[in-house]
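What follows is one structure encoded as structure tokens, with my remarks underneath.
Heavy-atom basis, side chains included; hydrogens, waters and symmetry copies ignored.
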Amino acid sequence: MSYSAEISRANPSMFLFLIDRSGSMSDPFGGGGGKKDQKVADAINNLIFNLTIKCAKSEGVRDYYHVGVLGYGEKVESALGGELAGKDLVPISAIADAPARIEERTRKTDDGAGGLVEQKVRFPIWFSPISKGGTPMCEALNKARSIVGQWLAEHPDCFPPIVINITDGESTDGNPLKPAEQVRELKSSDGSVLLFNVHLSSARSSTFEFPGSESELPDQYAKQLFNMSSLLPEHIRSAAEQEGYGVSEQSRGFVFNADIVSVIRFLDIGTRPSNLR
Amino acid sequence: MQKAGNAPEEYEDAFAPAAAPGEACQEFRCAVADGATETSFSGLWAQILVEAFVDKQLKKLDDETLRQLSRRWRQEIDQRTRHKPLPWYAEEKLHQGAFSSLMGLVLRGDGVWRALCIGDSCLFHIRPRQAIYAFPYHMPEQFNNHPALISTNADGNVTLKARVAYGRWQDGDYFLLLTDALAHFFMSQRHFRSRLVDGELDQTGFEPLIEQARGEQICRNDDVTFLKITPGFGDVPGVVA
């Protein structure tokens, strides 16, 4: 139980993203700058972007991970579109090759002579904002348990799957604590499944990243999501510490009105230079 | 030798020179480098660095030299990809740059050696039955998956510091240059160390031993490379490698 299994093409791991697409996601985001459904779309696009880049090499994208995206709102179903529609899990290379569209953006980058230069970059978009229906979080977690369970039966020695739930926290089909616990109870020979939660709330409050206690969290939904989240394994905690996060042994995979993309950096698929930003 | 499960062309370590010099020389230069897995075209960058070190184009870490080498790296990629535009993810990865370690050794005919190191590739100066000098690490606990490495992006090198070491060699001494997984294995496993130090291990014996060690999980599954350099004084003062 050490979270030390090699992540490779021969022994891949998996990510399952659960994205809340309920009607309440059309409410304003507490952190400002738009609605919650836009923030969910930004979060999932950014996570998949970073996961793809992590696995990209000169010859293509290496399938270190298989990835699923489960939307929950009016229905609980795979949110993948195009030729991936309806599939629960696909290799990361298939997602990399199938964004819905690619936008062109500009960013400032080092010109190699001490200055900055504007550079055009291509930014893929897989998911657009959707908000309709209730928030069947329990059903989504049960479906996640089924998908992850199937994966583990086929990959018993993999680095434990990571499930990331992005939501405004207000489940409408019951208390999600028990279904969350059942997801976390699944395990490979290398450790238990990690369930992390991203809470995008309308509440105007400070942001929280990997808190160790629920005491300062702003509302009951945040506290519930905190309690649904896995404790950070030691190596993730240590990587987070090196990046300047204030974490403790009680820190959980939970963020409030913040992004969780750093978790992808914390996973090792080989040498990652400390001076790579 | 590439990481188990990878194709030979996915080997991202590098070494130079490719063969021992055939005659005595006043100065002999050699190097190993380890391109970082999480960056792309890092094997190419590692190869450019070792060749530059051996060709005396890279004597110290200065901005201008690294800029020139980085330009060479980019030109080579442009050449390789000119008929096939890169997909969005390969282009984005390229913006992050390539990263590599470097361990370079210079042996002089007057018995002086010096080494330049960035990252976690290691040098061992061995005087049989007497001493082993290890540089820059001397304990297995010093290795981790996040060393600071030489980047093709100038801003990645701002805080980078090269480490240097020097000493004297004598007849009968030899030097090992090892990339990180092998250096860690060398430090932590006495039987492997003995076989290398006693000179028992050649290329033929090396690969089965590493495969077995990877299977037993006592050697990390990574590309592995070693150079063994045995200098000697010839008829004229010089280094024979």
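A salt bridge does not link A:Lys57 with B:Glu38: every distance from a Lys NZ or Arg NE/NH1/NH2 to an Asp or Glu carboxylate oxygen is 4.0 Å or more. Taking a cutoff of 4.0 Å between a charged side-chain nitrogen and a carboxylate oxygen, A:Glu6 and B:Arg214 do not qualify as a salt bridge.
Heavy atoms from other residues, nucleotides or ligands lying under 6.0 Å from CD of A:Glu83 number 12 at most. Under a cut-off of 6.0 angstrom, the local environment of OH in B:Tyr133 is crowded, with over 12 non-hydrogen atoms contributed by other residues, nucleotides or ligands. Atom CD of B:Gln217 sits in a sparse spot, with 12 or fewer heavy atoms from other residues, nucleotides or ligands closer than 6.0 Å. Within 6.0 Å of the CD atom in A:Glu103, the count of heavy atoms belonging to other residues, nucleotides or ligands exceeds 12. Heavy-atom neighbours of A:Glu234 CD from other residues, nucleotides or ligands within 6.0 Å: at or below the threshold of 12.
Each of B:Leu44, B:Thr39, B:Thr81 has some count of heavy-atom pairs under 4.5 Å with chain A, and the biggest count is that of B:Thr39. Comparing B:Lys3, B:His95, B:Glu91 by how many heavy-atom pairs each has under 4.5 Å with chain A, the most go to B:His95. Chain B forms the most heavy-atom pairs under 4.5 Å with one residue out of A:Pro124, A:Pro99, A:Ala10, and that residue is A:Pro124.
To the nearest 0.5 Å, the span separating OG on A:Ser8 from CG on B:Asn221 amounts to 7.5 Å. Residue A:Phe49 holds its CZ atom at 3.5 Å from CD of B:Glu92, rounded to the nearest 0.5 Å. Here the straight-line distance linking atom CH2 of B:Trp88 with atom CD1 of A:Ile53 works out to 4.5 Å at 0.5 Å rounding. Note: A:Ser58 OG to B:Glu9 CD = 10.5 Å, rounded to the nearest 0.5 Å. Remark: B:Asn145 CG to A:Ser274 OG distance equals 11.5 Å, nearest 0.5 Å.
Contacts between B:Pro87 and chain A at a heavy-atom distance below 4.5 Å involve the backbone alone (N, CA, C, O). Proximity to chain A is absent for every atom of B:Leu66, based on heavy atoms less than 4.5 angstrom apart. If you measure heavy-atom distances from B:Glu64 to chain A, you find no contacts under 4.5 Å at all. Looking at B:Asn6, both its backbone and its side chain come within 4.5 Å of chain A, counting heavy atoms on both sides. For a residue to count as touching a neighbouring chain, one of its non-hydrogen atoms must lie under 4.5 Å from one of that chain's; by this rule A:Ala96 touches chain B with backbone and side chain alike.
The shortest heavy-atom contact between A:Glu59 and B:Glu10 is OE2-OE2, 3.8 Å.
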